[in-house]
Protein chains: 2
Amino acid sequence: MGVAGSMPSPQLLEEYSQFFRLLSEPARLQLLCQLKAGPMDVAALIEATGFSQSHVSRQLGQLQRADLVRCERDGVRTIWSADSELVDDLCNLVQTRLRQRLEAQLQQLQSA
Amino acid sequence: MGVAGSMPSPQLLEEYSQFFRLLSEPARLQLLCQLKAGPMDVAALIEATGFSQSHVSRQLGQLQRADLVRCERDGVRTIWSADSELVDDLCNLVQTRLRQRLEAQLQQLQSA
DNA sequence: GACTGGTATGACGATAAACGCATAAAGGGT
DNA sequence: ACCCTTTATGCGTTTATCGTCATACCAGTC
């Protein structure tokens with residue numbers, strides 16, 4: 001299953017890439033990480049990130065369309081949350097890779 | 001470790017996003033999947049994907065800078081390969097998520 | 001119902017990335 | 001030495017995305 005063995009269909013490749021594109025923006029990753037600490041409203045996210053209100057709202061909208069965040073209204077405020085483990089898992093895999101690369105470069109320098 | 005628990009540094013978020021950006025293009029994903037089947041030269045990749053020669057060469061260059069592909073010269077040809085399990089693992093995680101989403105949507109339709 | 005505070009969205013300029021064309025570089029064969 | 005093949009790269013055009021300003025929207029308050 002997955003990518004191994006046979007070539008994924010163009011449609012699937014397109015969906016993969018669209019998903020990864022969501023994570024290709026530091027702002028969205030930062031919002032996801034903030035929400036990982038617990039549900040917050042937009043004002044708190046603005047405070048935490050320093051982004052403009054419209055920017056925060058837009059990025060949340062994009063993440064919502066992929067079900068990476070949810071929202072519920074509390075009166076006039078909108079409380080956003082992100083409970084999926086997926087982004088954590090993906091980032092951990094990438095982090096392991098980044099560390100391996102640096103270690104390899106380090107060894108290459110030491111052996112030279 | 002990873003993203004869980006504490007907020008990653010801006011630098012780390014930047015590196016994560018740069019990595020995911022590499023996977024955010026169907027063309028690059030397709031090249032990676034092709035190379036998963038085994039080493040190939042550029043001409044074979046052009047044949048397999050239908051992309052232009054310069055396009056293939058450029059995308060391979062980007063993937064190489066992240067060590068997602070390697071190359072060795074065989075005379076005038078350049079043989080590219082990609083042996084990392086990372087992209088497979090990432091895609092499998094995303095695929096699982098996409099399937100869960102569709103199943104949830106399906107159930108919502110059935111219960112309506 | 002007008003007003004206020006909080007959030008989403010249309011319009012738009014700036015910036016970045018894709019993609020192709022033409023060309024250069026690099027390595028054989030005659 | 002010349003030419004041919006294969007791949008890499010400078011350049012220009014097009015397209016897409018970001019980020020902001022202004023404005024519309026929505027829910028509660030007086």
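Letters A, B, ... mirror the listed sequences (proteins, then strands); counts begin at 1. The structure presented is a predicted model; accordingly, all values stated were derived computationally and were not measured.
Counting atom types as modelled, B/S54 pairs no side-chain N or O with a base atom of C/dC19 as donor and acceptor under 3.5 Å. A donor and an acceptor atom never sit less than 3.5 Å apart when one is taken from the side chain of B/E25 and the other from the base of C/dA17. Taking only distance into account, the side chain of B/Q59 never meets the base of C/dA18 through a donor-acceptor pair shorter than 3.5 Å. Taking 3.5 Å as the limit, the base of D/dG10 and the side chain of B/R58 contain a donor-acceptor pair of atoms between them.
A/Q62 comes within 4.0 angstrom of the backbone, heavy atoms only, and of no base. At a threshold of 4.0 angstrom between heavy atoms, the contacts of B/S57 include nucleobase atoms, whether or not backbone atoms are also involved.
Under 3.5 Å, the side chains of A/Q18 and A/E14 contain a donor-acceptor pair of N or O atoms. One side chain, A/R97 or B/S84, offers a donor N or O that lies under 3.5 Å from an acceptor on the other. Side-chain contact check for A/Q11 and A/E15: no donor-acceptor pair (N or O, by modelled atom type) lies under 3.5 Å.
When the P atom of D/dA16 is taken as reference, atom CD of A/E14 falls 11 Å away, rounded to whole Å. Nucleotide D/dA8 holds its P atom 14 Å from the NE2 atom of B/H55, rounded to whole Å. In this entry the distance linking CZ of B/R70 with P of D/dT7 reads 18 Å, nearest Å. Rounded to a whole Å, the CH2 atom of A/W80 is 17 Å from the P atom of C/dG6. Remark: P of C/dC21 and CD of B/Q53 are 12 Å apart, rounded to the nearest angstrom. Atom CZ in A/F51 sits roughly 18 Å away from atom C1' in C/dT7 (whole-Å rounding). Atoms CD1 (B/I79) and P (D/dT7) sit 8 Å apart, rounded to a whole Å. The nearest whole Å value for the distance from the CD1 atom in B/I46 to the C1' atom in D/dT5 is 12 Å.
Look at A/D83 and A/R70 and you find a salt bridge, because one of the NZ, NE, NH1 or NH2 atoms lies within 4.0 Å of a carboxylate O, short of that distance.
With distances taken from any side-chain atom of A/A27 to the nucleotides C/dG27, C/dT7, D/dG19, the minimum falls on D/dG19.
Residue B/S52 has no polar side-chain atom (N or O) positioned under 4.0 Å from OP1 or OP2 of C/dC19. At the phosphate of C/dA18, OP1 or OP2 sits under 4.0 Å from a side-chain N or O atom of B/R28.
Projected onto DNA chain D by closest heavy-atom contact, A/D74 and A/S24 fall at different nucleotides, the more 5' of which corresponds to A/S24.
B/V76 and B/V56 sit in two unconnected hydrophobic clusters of ILVMFWY residues. Membership requires side-chain heavy atoms under 4.5 Å apart, directly or through other members.
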